[in-house]
Amino acid sequence: MSKKKKPLVLNHDEFDKKGTKELLGYLKRLQQCEISFESSDLYENPDLENPDVISFKETEKWKTAYKKVKSILKLREHLDNKK
């Protein structure tokens with residue numbers, strides 16, 4: 001598995017099929033995205049090369065995915081951390 005796997009654009013059915021642990025992992029990958037292409041050190045915009053991958057937070061697809069995963073997690077069960 002790659003070290004920095006970018007999150008994919010998912011449709012509503014794919015979000016609903018994922019378990020809580022998978023959604024938390026997806027949320028973490030979303031949060032690790034760079035802010036914008038302009039603030040990155042990249043020469044080519046990966047969003048233009050592959051529209052199915054989310055690379056930057058200032059894109060509409062990132063904002064949509066973030067809102068969707070947060071709304072689903074809000075309805076899921078909450079477990080206490082074991083320490």
Side-chain angles (χ1 to χ4, degrees):
M1 181 174 9
S2 72
K3 199 173 179 183
K4 284 188 142 187
K5 188 175 179 185
K6 302 279 185 189
L8 299 175
V9 175
L10 302 176
N11 63 37
H12 295 292
D13 293 334
E14 292 171 317
F15 276 114
D16 292 336
K17 290 178 185 175
K18 289 194 176 290
T20 303
K21 192 172 184 178
E22 290 175 300
L23 286 173
L24 288 170
Y26 184 80
L27 179 62
K28 183 177 181 178
R29 287 193 307 275
L30 281 173
Q31 292 169 336
Q32 291 173 343
C33 289
E34 293 189 54
I35 304 262
S36 68
F37 174 69
E38 292 78 20
S39 66
S40 73
D41 59 353
L42 300 174
Y43 295 108
E44 295 179 16
N45 190 339
D47 279 344
L48 300 176
E49 295 172 16
N50 190 352
D52 295 332
V53 176
I54 301 171
S55 300
F56 304 107
K57 291 181 180 179
E58 290 186 353
T59 60
E60 195 59 40
K61 58 186 175 181
W62 185 91
K63 293 173 186 175
T64 302
Y66 186 80
K67 286 178 187 175
K68 182 67 177 168
V69 75
K70 291 291 275 190
S71 69
I72 293 172
L73 285 172
K74 189 165 131 179
L75 301 174
R76 296 282 175 99
E77 70 278 359
H78 294 277
L79 302 175
D80 293 329
N81 289 337
K82 294 181 182 178
K83 293 185 178 183

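All values below come from the heavy atoms of this structure, side chains included, with hydrogens, waters and symmetry mates left out.
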Suppose we screen for side chain to side chain donor-acceptor pair (under 3.5 Å). Which residues come up paired with T59, at least two apart in sequence or across chains?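 Per chain and number, T59 pairs via side chain to side chain donor-acceptor pair (under 3.5 Å) with no residue.
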Should side-chain heavy atoms under 4.5 Å link Ile, Leu, Val, Met, Phe, Trp and Tyr, which residues sit in the same cluster as L42? F37, F56
Just to verify, what does Q31 make a side-chain contact (heavy atoms from CB on, under 4.5 Å) with, not counting sequence neighbours? L27, Y66
Which residues satisfy the side-chain contact (heavy atoms from CB on, under 4.5 Å) test with N11, sequence neighbours excluded?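 N11 satisfies side-chain contact (heavy atoms from CB on, under 4.5 Å) with D13, E14 only.
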Residue pairs passing the salt bridge (Lys or Arg N to Asp or Glu O under 4.0 Å) test with at least one member in residues 54-69, sequence neighbours excluded, are D47-K61
What residue pairs, at least two apart or across chains, pass salt bridge (Lys or Arg N to Asp or Glu O under 4.0 Å) with a residue in residues 21-37?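 Not a single pair qualifies under salt bridge (Lys or Arg N to Asp or Glu O under 4.0 Å).
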Is there a side chain to side chain contact (heavy atoms under 4.5 Å, CB included) between L73 and Y26 once you walk through the steps? CA-CA 11 Å; L73 285 172; Y26 184 80; over 6 Å; no
Are side-chain heavy atoms of V53 and V9 found at a separation under 4.5 Å? no
Is there a side-chain contact between K18 and I72, using heavy atoms and a 4.5 Å cut-off? no
Within the side chain of W62, is there an N or O that forms a donor-acceptor pair under 3.5 Å with the backbone of L30?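 Yes; judged by distance alone, with no hydrogens or angles, the pair exists.
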Could you give the distance from OG1 (T64) to CG (L10), rounded to the nearest 0.5 Å?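 Answer for the OG1-CG pair, T64 versus L10, is 12.0 Å.
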